[in-house]
Amino acid sequence: MPAIRLLPDLLVSQIAAGEVVERPASVLKELLENSLDAGASEIGVALDEGGVRRLQVEDNGGGIAEGDLPIALARHATSKIRSLEDLEAVATMGFRGEALASIASVSRLSLASRTRAAKRGAALQAEGPQLGDVQPAARAPGTTVSVCDLYFNTPARRKFLRTEATEFGHCDEVFRRIALARPQTAFTLKHNGRVSRHLPSQSARERIAALLGEEFVHAGLAVEAQSAGLRLSGIAGSPHAARGRADAQFFFVNGRYVRDRLLAHAAREAYTELLHGERQPAYVLFLELDPRGVDVNVHPAKTEVRFRDARSVHQFVFHALQRALSPGAAAAPIAYAALAAPAAVQRALGLAQPPAAYQAFMAAAAPAAPAHERDEASHPLGYALAQLHGIYILAQNREGLVLVDMHAAHERIVMEKLKKNLDAGAVQRQRLLVPAVLKAQALDVATAEDNREALERLGLELSVAGPNELAVRAAPVPLAGGDVAALARDVLAEIRAYGASQALSARQNELLATMACHAAVRANRALTQVEMNALLREMEETERSGTCNHGRPTWYQLTLADLDKLFMRGR
């Protein structure tokens, strides 16, 4: 066996670089965090060939003193912590003192800086293990770090780098994350000499809109909650903003972007009842807490954290998000429907004649005052006009036309009522004048007898009516008019598959969704004007009524401007 020996400093730094400097994006992250820790208000990033050939970060921060430049490139050298107490309460982005040394060991690095008190700046060059002398440099206060020819001395690592477009994409994603975390800081990103992004100092809402789009902000729900030293703020995307991939989920802890399973799970649970299928939520959330309550020294990349009271953090984030995502239709963001181009509609109908005569005729017509104008201001979903194919309700509000899927909307209303009743202790039930009898297997009969108390909590009273029959003698009040036999059969199947305790706890929402589906108004059922308006009023008062129990939307808004475009009015 070979003798044990100490590794050379260069090899130690190159091994550390394998964790800290995975690709150009990792270098960019470390340099941007250093600039923010220096108090920079303006940061410029310049990339060549995806950051492989050259990556430069320039800021107007506090700068590095001339005598500290050589130490800045030494391993485990930092100005941010001095003791274990500092480490346990670290509030800066960086603190390990590894980044610059690791980067310098696998690249050609130049470092130029000037403090505000210094009369001139200073610069230092490094190439792998070779450190140059400190030279005077003329520059404004701040720091510039230029990293060229990444992995020039470790060809094996360089082979693992991807194409220029791929590496730039990773750099751009890191840039977006850090720019989202610090909206008060101005950022500029250049690639191959062209400006890719320019972000002035702005509010958090403006920064989110600049990076994720105005539609996301407009349709998002503001999150603001505070309790027991924890604060959660930001924007939670509405169910309509959900995506096929989890590429618009940004969670920041004390200003640091993190990928944490506990926080991701809390967010996913809050969206459980609102998303359809495998759709992924979109959100930008900022969690603030005492730095002593979170350990950021888990991994050199500093994207993983560990909370001292993980359960409390999970419950706080879950309930704060759940409350923000639970407005009724009166308070939720409007879901605007997308329309086809008017020209395409005309071609589909074979209308080739220009509408000039129609436009001239309509220009002279005075718009009629909308009916129920005063009431429409207090009722966002307006008033029912008609029913379409027994499936949709057409309503008029101040904005224009509202389209409602009556079954999906009623399903959500019934489920929320069942949840409130169950949370209060038991679902209110109504005895049936004529018991509903259903055929049942011996296992169903045994399940009904063994889980009588659980069924009563759900508002169901079942008794044995024969060798292979069960009688439903009472049903939940909202469901008593529906197919209670099918309802009982589905509830028994759920309890048989998962057990009563599981069905009433972890799978409560799935069970109540099944029950609500049986009670919801069916397609092709004609509703009166009074019934349709009553449904609209209940939607306005019911939490999460913008989506059904399966995550599909319950209503859409067509504005007057949309309709004008559709009919080419004003052209």
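- Remark: side-chain polar atoms of R114 are paired, donor with acceptor, to backbone N or O of R139 under 3.5 angstrom.
- Within the 4.5 Å cutoff, the side chain of L212 has heavy atoms near those of the F250 side chain.
- Looking only at atom types and distance, the side chain of Q557 has no donor-acceptor partner in the side chain of D562 under 3.5 Å away.
- What you find for R207 and P183 is that their closest heavy atoms are NH2-O, 3.0 Å.
- Closest approach of L124 to L69, counting heavy atoms only: CD2-O, 3.6 Å.
- Classified by interplanar angle (parallel below 30°, tilted 30° to 60°, perpendicular above 60°), the ring pair F168/H191 is parallel.
- Geometrically, R108 engages F152 in a cation-pi contact defined by less than 6.0 Å to the ring centre and at most 45° from the axis.
- Looking at heavy atoms from C-beta onward, V45 lies out of side-chain contact with L31 at the 4.5 angstrom threshold.
- Across all non-hydrogen atoms, the minimal contact from L275 to A242 is CD2-CB, 3.6 Å.
- Between R162 and R23 the shortest side-chain heavy-atom distance falls below 4.5 Å.
- Between F252 and Y257, the ring planes lie perpendicular to each other; the angle is over 60°, past the 30° to 60° tilted range.
- Between Y271 and Y283, the ring-plane angle classifies as parallel under the 30° and 60° cut-offs.
- Side chain of D59 to main chain of G142: no donor-acceptor pair is present (N/O by atom type, distance under 3.5 Å, no hydrogens or angles).
- Within the 4.5 Å cutoff, the side chain of L263 has heavy atoms near those of the L287 side chain.
- Taking 4.5 Å as the limit, some side-chain heavy atom of L285 sits within range of a side-chain heavy atom of L232.
- Counting only distance, with no hydrogens or angles, the side chain of S201 and the backbone of Q184 share a donor-acceptor pair below 3.5 Å.
- For D423, the CG atom counts as densely surrounded, since its 6.0 Å shell holds more than 12 non-hydrogen atoms of other residues, nucleotides or ligands.
- For the pair L100/N34, a side-chain contact is recorded, criterion being any heavy-atom separation below 4.5 Å from C-beta on.
- Taking both residues in full, the closest heavy atoms of P281 and R268 are given as CD-NH1, 3.4 Å, listed atom of the first, atom of the second, then distance.
- Side chain of S238 to backbone of G220: no donor-acceptor contact under 3.5 angstrom is found.
- The closest donor-acceptor contact from the side chain of S326 to the backbone of E543 lies at 3.5 Å or more, if one exists at all.
- Nearest heavy-atom pair across E42 and T185 is N-CG2, 4.3 Å.
- Here L381 contributes atom CG and E540 contributes atom CD; the two are 4.5 Å apart, rounded to the nearest 0.5 Å.
- The closest donor-acceptor contact from the side chain of R243 to the backbone of A282 lies at 3.5 Å or more, if one exists at all.
- Under the 3.5 Å distance criterion, the side-chain polar atoms of Q130 are left unmatched by any main-chain donor or acceptor of E127.
- Summarising the geometry of P200 relative to H198, their closest heavy-atom pair is CD-O, 3.8 Å, with the distance given to 0.1 Å.
- A donor-acceptor pair under 3.5 Å links the side-chain atoms of N254 to the main chain of L289, judged by distance alone.
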